[in-house]
Amino acid sequence: QNLDQLSVKFVARIPVGRLRLGFSDKTILDALSWMQTGDKSLKPLLEKAYQVLPDVGLLAREIKENGVEKACQGIVPVVGIPVLPMLSQRIKSPSEMVEKMGEVDVEPKLDGLRILIHFVRGKFVKAFTRNLNETSHMFPELAKIDKFVNCSSAIFDCEAVGLDEKTKMMANFQTTMTRRRKHDIGETSKKVSIDFFIFDIISKDGKNLMDKNYLERRKVLEETVKKGGPFKLVFHEITKSPERINKLYKKRISEGYEGIMVKKVDSGYVPGRTGWRWVKMKQGEEAQGKLADTIDVVVMGYTQGRGKRASFGVGQFLVGVKDGDKIKTTSKIGTGLTDEEFREIERRLKNLRTKDKPKEYEVRKNYTPDFWVIPSLIVEIAADEITKSPTHTAGLALRFPRLINFRDDKDPSEATTLRELEGLFDLQK
DNA sequence: GCTGATGCGTC
DNA sequence: GTCGGAC
DNA sequence: GTCCGACGACGCATCAGC
């Protein structure tokens, strides 16, 4: 009752979990700099501290009390306290990579869980995800790390990937995810064991390695990790040739990897996503991804939209493939449209609305949209991969689906069929 | 004690 | 994870 | 170029309802 109108709006959003302020931690860092100097000049200093101590509340208090310089001085990674991971950006072509990064190291991109391992001999091993959540309980394998590393303490960066019991191959993402659990870890870890593919080291024996360049860190890694256990070094190749990068990319894709990671050789470990130090290549113009083709699907219904989508009247829409007389769901589409395209699709869909679910639709309950539409609009959809789906009635779903185009030239009888989708699924293996 | 719906966190 | 928009 | 918040599938955990 004591709050003004604007405050009421934001306070009410807190328990709902949709604060939607338009700024986040990074902007707070800007603000902390402004607070002291009236510009962004202290941002680099603040950012460096934040990467190792990613808590704007703690930082702000320190800064308010002691000023930026003093508060940020000497903040280095501490084993046991999670550090923000270094993330990758995206570049379309290998030639642009070399232009931006010079000499690079090329690694396969593994489809697993990003894990930072914090180890202190005789004391603890902990695992943190890229969002700084502790997930040590997921990995009983970590207990034996002391036998496989030459150090008294370290922070390793790696990708944790399951090993399929039957095929002895790297498990797909869905299978690896079965290890993300609290209960029955012992049982599950027998079925799906985990390998840790290490590609970086941030701290060793009390020494901060974040400012060392990538090749130096890689050298330390090679001296630190012993062969034979579940801890493996990701293989890599140094090059400055765009042709070589492209070749490696195609090779890794054909071997079943997600793509490649390309890393600037003379760069420190800089958490976050900026600066063109790490770049990923999943599927570009140069070569084909797992799902090379797009598919044409029938729009079956749509939802109202929240936040910035609320004014469009569409937030996401349900799409399906043809199976004989039936239309079965395979995905919801919520990205790939410009604001204008959202307005456009709303104009069209509202004319196709129907009160009841059309008879030919087979839709599981939890996919019921706010509004049903009669089968009429066809859209072209891209995705990274087709997965077996326990929830979509087509039995197959799209991983990272996005809209490519409206297909006004097509009508529902020309949509992709379930049979065709199953064909594409088989092609992936 | 079971089941479907919802929440949370990974990609 | 993907994507588009604001700056 | 960077930052932000719309939205995706899916596996496990938890909870409401029976």
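In what follows, every chain begins at residue 1, and chains take the letters A, B, ... in the order their sequences are listed.
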Chemist: If you check the A:S331 side chain, which of D:dA9, D:dC10, C:dG4 turns out closest?
Modeler: D:dA9
Chemist: For side-chain hydrogen bond (donor to acceptor under 3.5 Å, both in side chains), just list the numbers for A:S95 and A:S93, CA-CA rounded to whole Å, side-chain angles, deciding distance to a tenth of an Å, and then say yes or no.
Modeler: CA-CA 5 Å; A:S95 53; A:S93 74; 3.2 Å; yes
Chemist: Given C:dG4, D:dA6, B:dT10, identify the nucleotide with an atom nearest to the side chain of A:N133.
Modeler: B:dT10
Chemist: Take atom CG of A:L113 and atom P of D:dG11, then tell me their distance rounded to the nearest Å.
Modeler: 13 Å
Chemist: OP1, OP2 of C:dC3 versus side-chain N and O of A:R402: anything below 4.0 Å?
Modeler: yes
Chemist: Remember a base hit wins even if backbone is also touched, and classify A:N366 as base, sugar-phosphate or nothing at under 4.0 Å, heavy atoms.
Modeler: nothing
Chemist: A:P390 side chain: which of D:dG11, D:dA6, D:dG5 is closest?
Modeler: D:dG11
Chemist: Please tell me which of the listed nucleotides, C:dG1, C:dG5, D:dG5, lies nearest to the side chain of A:D339?
Modeler: C:dG5
Chemist: May I ask you to verify if any side-chain N or O of A:T135 is less than 4.0 angstrom from the OP1 or OP2 atom of B:dG9?
Modeler: no
Chemist: From C-beta outward on A:T338, which listed nucleotide comes closest to its side chain: D:dG5, D:dA9, C:dG5?
Modeler: C:dG5
Chemist: Considering heavy-atom distances to DNA chain D, does A:H392 or A:R181 have its closest nucleotide positioned more toward the 5' end?
Modeler: A:H392
Chemist: Output yes when at least one side-chain N/O atom of A:K388 is less than 4.0 Å from OP1 or OP2 of D:dC10, else no.
Modeler: no
Chemist: So that I can tick it off, tell me whether A:E187 and A:K191 are bridged by a salt bridge, with the cut-off set at under 4.0 angstrom between side-chain N and carboxylate O.
Modeler: no
Chemist: Does B:dT10 have OP1 or OP2 sitting under 4.0 Å from an N or O in the side chain of A:T129?
Modeler: yes
Chemist: Show, in sequence, the C-alpha distance, side-chain angles and deciding distance for A:Y302 and A:F317, and conclude whether the ring-ring contact (aromatic ring centres under 6.0 Å, His included) test is met.
Modeler: CA-CA 4 Å; A:Y302 66 103; A:F317 49 92; 8.6 Å; no
Chemist: Between A:R277 and A:Y269, is NZ or CZ placed under 6.0 angstrom from the six-membered ring centre and within 45° of the ring axis?
Modeler: no
Chemist: Reckon A:R180 has a side-chain N or O less than 4.0 Å from the OP1 or OP2 of D:dA13?
Modeler: no
Chemist: Within the distance-only criterion (no hydrogens, no angle test), does the side chain of A:T329 pair as donor or acceptor with the backbone N or O of A:V363 below 3.5 angstrom?
Modeler: no
Chemist: In whole angstroms, how far is the C1' atom of D:dA9 from the CG atom of A:L421?
Modeler: 14 Å
Chemist: Check whether any side-chain nitrogen or oxygen of A:K332 sits under 4.0 Å from OP1 or OP2 of D:dA6, and answer yes or no.
Modeler: no
Chemist: Reckon A:R306 has a side-chain N or O less than 4.0 Å from the OP1 or OP2 of D:dG5?
Modeler: no
Chemist: Using OP1 and OP2 only, check whether a side-chain N or O of A:R179 sits under 4.0 Å from D:dG11.
Modeler: no
Chemist: Classify the nucleic acid contact of A:T176 as base, sugar-phosphate or nothing, counting any heavy atom under 4.0 Å across all strands shown.
Modeler: nothing
Chemist: Quick one: A:L132 CG to B:dG9 P, roughly how many Å, whole number?
Modeler: 12 Å
Chemist: Counting just side-chain N and O atoms, does A:S389 come under 4.0 Å of either OP1 or OP2 of D:dC10?
Modeler: yes
Chemist: If you compare every side-chain N and O of A:K308 against the phosphate oxygens of D:dC7 (OP1, OP2), does one of them come in below 4.0 Å?
Modeler: no
Chemist: Starting at atom CG of A:L21, determine the distance to atom C1' of D:dA6, rounded to an integer number of angstrom.
Modeler: 15 Å
Chemist: Return the value, rounded to whole Å, for the distance between atom NZ of A:K100 and atom C1' of D:dG1.
Modeler: 9 Å
Chemist: Looking at the side chain of A:T27, which of D:dC3, D:dT14, D:dA6 is the nearest nucleotide?
Modeler: D:dC3
Chemist: When you measure from the side-chain N and O atoms of A:Q316 to the phosphate of D:dC7, is any distance below 4.0 Å, counting only OP1 and OP2?
Modeler: no
Chemist: Can you tell me, in whole Å, how much space there is between the P of B:dT3 and that of C:dA6?
Modeler: 49 Å
Chemist: For DNA chain D, whose closest nucleotide is more 5', that of A:T178 or that of A:R399?
Modeler: A:R399
Chemist: Side-chain N or O of A:K109 versus OP1/OP2 of C:dG1: is the shortest distance under 4.0 Å?
Modeler: yes
Chemist: With heavy atoms under 4.0 Å as the rule, sort A:L403 into base, sugar-phosphate or nothing.
Modeler: nothing
Chemist: Determine the contact category for A:R364: base if any of its heavy atoms lies under 4.0 Å from a base atom, sugar-phosphate if only primed atoms, P, OP1 or OP2 are that close, otherwise nothing.
Modeler: nothing
Chemist: Between A:R399 and A:D384, is there a side-chain N and carboxylate O pair less than 4.0 Å apart?
Modeler: no
Chemist: Once you round it to whole Å, what is the distance between P of D:dT2 and CD1 of A:I91?
Modeler: 11 Å
Chemist: Is the shortest side-chain N/O distance from A:K26 to OP1 or OP2 of D:dC3 below 4.0 Å?
Modeler: yes
Chemist: Would you tell me if any nitrogen or oxygen in the side chain of A:H183 comes within less than 4.0 Å of OP1 or OP2 on D:dC12?
Modeler: no
Chemist: Tell me if the centroids of the rings in A:F196 and A:F139 come within less than 6.0 Å of each other.
Modeler: yes
Chemist: Quickly work out the A:F173 CZ to D:dG8 P distance and round it to whole Å.
Modeler: 17 Å
Chemist: Any ion pair linking A:K166 and A:D164 (charged N to carboxylate O, less than 4.0 Å)?
Modeler: no
Chemist: Take the protein atom OH of A:Y367 and the nucleotide atom C1' of D:dA9, then report the distance between them rounded to whole Å.
Modeler: 7 Å
